Asks: 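Structure in structure tokens, see below.
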Amino acid sequence: MKERIEYLTEWLQGKVKEAGADGVLVGISGGIDSAVVSYLIKRAFPENSLGVLLPINKEVEDQTDALNVVEGSGLDYVGINLTSSYETTYAAIQEELEKKGDWNSDKSQLGGANLQARLRMSTLYAVANNYNYLVVGTDNAPEDYTGYFTKYGDGGVDLVPLINMRKEEVREMAKALDVTDAIIHKKPSAELWEGQSDEEELGLSYDTIDAYLRGEQIDPEDEKLLKDLHEKTEHKRQIPAGPEKYSGK
């Protein structure tokens, strides 16, 4: 794992050099994936890395886990509260769709959650532009395979160092990087809404997905659900989708 950490550190440095950028930043949620990325980018760019805390419906100082990640990694950070920006934007959307008689309240919770993710990503790019940094994402292999990310939200980044790592491998790397046990054993959640859990929303445990990605046999119903998720979310992994080059008849 130490060799893999060194490999990813050098990979980050190489990609930033290729892009002519000056460093990198990551949005920190307080979960294990963003924690691992925080520690990695601090190793790769001790003086040119930044963590960004983007709370909605809470204060920056209330993001205890995220602040612990910042402190533990020694990463420089900035906190930007997006509550009013989100509320203003979503209220305007709802108001205009209600005028048309097209507002779908059944889809409002997920729509709001996805808007939050996209608002955060827009903010990350605005901050990155200020520093000439690249935006580093936190998606791992199970999230990529199942499409468990918001298109143009947390999926809209420049670099994804954890994309080939199963959740178990992320945990191993977190231990090797000395991420705190509280973060490592925290219940995975995208915090899309109060009480939201990744595994409950997916209908599968990360252990099951990891086993499948290792090539092991899993429960047939779980395998069917996984394959269905993969097929339905293929569009998320092809951004933007385009046709094959036309060659004529």
Side-chain angles (χ1 to χ4, degrees), residues 5 8 24-44 49-83 85-86 112-125 127-128 133 135-144 148-150 153-157 159-163 165-202 205-206:
I5 289 171
L8 290 179
V24 289
L25 61 74
V26 63
I28 303 177
S29 66
I32 188 171
D33 300 308
S34 66
V36 167
V37 171
S38 296
Y39 279 70
L40 284 174
I41 68 172
K42 178 64 177 179
R43 286 174 59 92
S49 51
L50 185 71
V52 187
L53 280 62
L54 300 170
I56 296 176
N57 298 322
K58 62 178 69 174
E59 300 299 327
V60 172
E61 54 267 28
D62 293 332
Q63 293 199 280
T64 308
D65 289 335
L67 290 170
N68 286 339
V69 168
V70 167
E71 182 178 355
S73 63
L75 191 64
D76 187 21
Y77 83 99
V78 61
I80 304 170
N81 194 310
L82 297 179
T83 303
S85 299
Y86 166 70
N114 284 332
L115 177 61
Q116 289 183 23
R118 290 171 179 135
L119 180 59
R120 286 186 171 115
M121 192 51 60
S122 295
T123 306
L124 286 180
Y125 270 96
V127 175
Y133 282 3
V135 177
V136 183
T138 64
D139 292 337
N140 54 46
E143 291 169 341
D144 180 61
Y148 192 66
F149 56 88
T150 298
D154 53 317
V157 295
L159 305 171
V160 276
L162 309 184
I163 199 69
M165 295 179 64
R166 299 184 300 275
K167 196 72 171 182
E168 62 189 354
E169 293 175 304
V170 176
R171 294 191 193 102
E172 289 175 21
M173 184 169 284
K175 292 176 183 177
L177 289 166
D178 292 326
V179 176
T180 63
D181 287 343
I183 298 296
I184 292 173
H185 299 296
K186 182 179 179 182
K187 188 176 183 179
S189 173
E191 299 183 350
L192 300 176
W193 49 78
E194 190 68 30
Q196 185 267 342
S197 161
D198 290 359
E199 293 176 323
E200 288 177 7
E201 192 178 5
L202 282 167
S205 70
Y206 277 111

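For the single chain, residues carry numbers from 1 onward in sequence order. On a predicted model such as this, the values are computed, not experimentally measured, just so you know.
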Asks: Would you say Arg120 and Thr150 make side-chain contact, with heavy atoms under 4.5 Å?
Replies: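 No. Closest side-chain heavy atoms not under 4.5 Å.
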Asks: Under the ring-ring contact (aromatic ring centres under 6.0 Å, His included) rule, collect the residues that match up with Tyr86, sequence neighbours excluded.
Replies: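 For Tyr86 the ring-ring contact (aromatic ring centres under 6.0 Å, His included) partners, ignoring immediate neighbours, are Tyr90.
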Asks: For Leu162 versus Val37, what's the shortest heavy-atom pair and its separation?
Replies: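 So the minimum-distance heavy-atom pair works out to CD1-CG2, 3.8 Å.
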Asks: Can you name the closest pair of heavy atoms from Val179 and Ala35 and give their distance?
Replies: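 Heavy-atom minimum between the residues: CG1-CB, 4.1 Å.
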Asks: Can you check whether Thr180 reaches Asn68 side chain to side chain, under 4.5 Å on heavy atoms?
Replies: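 Answer no - side chains too far apart.
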Asks: Can you find a pair of side-chain heavy atoms, one from Leu82 and one from Thr123, that are under 4.5 Å apart?
Replies: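 They are in contact (side-chain heavy atoms under 4.5 Å apart), so the answer is yes.
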Asks: Would you please name every residue forming a side-chain contact (heavy atoms from CB on, under 4.5 Å) with Ser34, sequence neighbours left out?
Replies: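 If we apply the side-chain contact (heavy atoms from CB on, under 4.5 Å) test to Ser34, skipping adjacent residues, the hits are Ile28, Ser29, Thr138.
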Asks: Mind checking whether Val70 and Leu53 have side chains closer than 4.5 Å, heavy atoms only?
Replies: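 The answer is yes, as the side chains (C-beta and beyond) meet within the 4.5 Å cut-off.
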Asks: Taking the side chain from Asn81 and the backbone from Lys58, do they hold a donor-acceptor pair closer than 3.5 Å?
Replies: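 Yes, the answer is positive, given that a donor and an acceptor are paired below the 3.5 Å cut-off.
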Asks: To the nearest 0.5 Å, what is the distance between CG on Leu54 and OG1 on Thr83?
Replies: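 So the CG of Leu54 and the OG1 of Thr83 are separated by 10.5 Å.
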Asks: Decide yes or no for Tyr39 and Ile5: does some side-chain heavy atom of the first lie under 4.5 Å from some side-chain heavy atom of the second?
Replies: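 A side-chain contact is absent here, since even the closest heavy-atom pair is not under 4.5 Å.
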Asks: Could you state the interatomic distance from CG (Asp144) to CG (Asp139), rounded to the nearest 0.5 Å?
Replies: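 It comes to 7.0 Å.
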Asks: Identify the heavy atoms of Pro142 and Arg166 that sit nearest to each other, and give their distance.
Replies: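 Scanning both residues, the minimum pair turns out to be CD-CA, 3.9 Å.
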Asks: Using the test side-chain contact (heavy atoms from CB on, under 4.5 Å), find all partners of Ser85 that sit at least two apart in sequence or belong to another chain.
Replies: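 Counting only residues at least two positions away or on another chain, Ser85 forms a side-chain contact (heavy atoms from CB on, under 4.5 Å) with Leu119.
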Asks: How many angstroms lie between atom CG of Asn140 and atom CD of Glu168, to the nearest 0.5 angstrom?
Replies: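 If I round to the nearest 0.5 Å, the distance is 11.0 Å.
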Asks: Tell me, do Val36 and Met165 make a side-chain contact under 4.5 Å, heavy atoms counted?
Replies: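 They are not in contact (no side-chain heavy atoms under 4.5 Å apart), so the answer is no.
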Asks: For residues 65-76, which residue pairs pass the salt bridge (Lys or Arg N to Asp or Glu O under 4.0 Å) check, not counting sequence neighbours?
Replies: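 Sorted pair list: Asp65-Lys186.
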Asks: Listed by chain and number, what are the ring-ring contact (aromatic ring centres under 6.0 Å, His included) partners of Phe149, not counting sequence neighbours?
Replies: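 Partners of Phe149 by the ring-ring contact (aromatic ring centres under 6.0 Å, His included) criterion come out as none, since no residue qualifies.
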Asks: Drop me the distance from Glu61's CD to Leu67's CG, to the nearest 0.5 angstrom.
Replies: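 CG of Leu67 is found 8.5 Å from CD of Glu61.
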Asks: Looking only at non-hydrogen atoms, find the nearest pair between Lys42 and Ser49 and report the distance.
Replies: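 Nearest heavy atoms, Lys42 then Ser49: CA-OG, 3.8 Å.
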Asks: What distance separates Ile41 CD1 from Leu159 CG, expressed to the nearest 0.5 Å?
Replies: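 If we round to the nearest 0.5 Å, Ile41:CD1 and Leu159:CG are 10.5 Å apart.
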Asks: Measuring from atom CD1 of Ile184 to atom CG of Leu177, what distance do you get when rounded to the nearest 0.5 angstrom?
Replies: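 Those atoms lie 9.0 Å apart.
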Asks: Where do Pro55 and Gln63 come nearest, in terms of heavy atoms and distance?
Replies: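 Here Pro55 and Gln63 meet closest at CD-OE1, 3.3 Å.
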Asks: For Val26 and Ser38, work out which heavy atoms get closest and say how close.
Replies: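 Minimum heavy-atom separation between Val26 and Ser38: CG1-OG, 3.7 Å.
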Asks: Where do Val69 and Tyr77 land on the side chain to side chain contact (heavy atoms under 4.5 Å, CB included) test, with the steps shown first?
Replies: CA-CA 10 Å; Val69 168; Tyr77 83 99; over 6 Å; no
Asks: Which salt bridge (Lys or Arg N to Asp or Glu O under 4.0 Å) pairs, counting each pair once, include a residue from residues 29-39, with sequence neighbours left out?
Replies: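 Sorted result for residues 29-39: Asp33-Lys167.
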Asks: Does a side-chain heavy-atom distance below 4.5 Å link Val136 with Leu40?
Replies: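 No, every pair of side-chain atoms sits at 4.5 Å or beyond.
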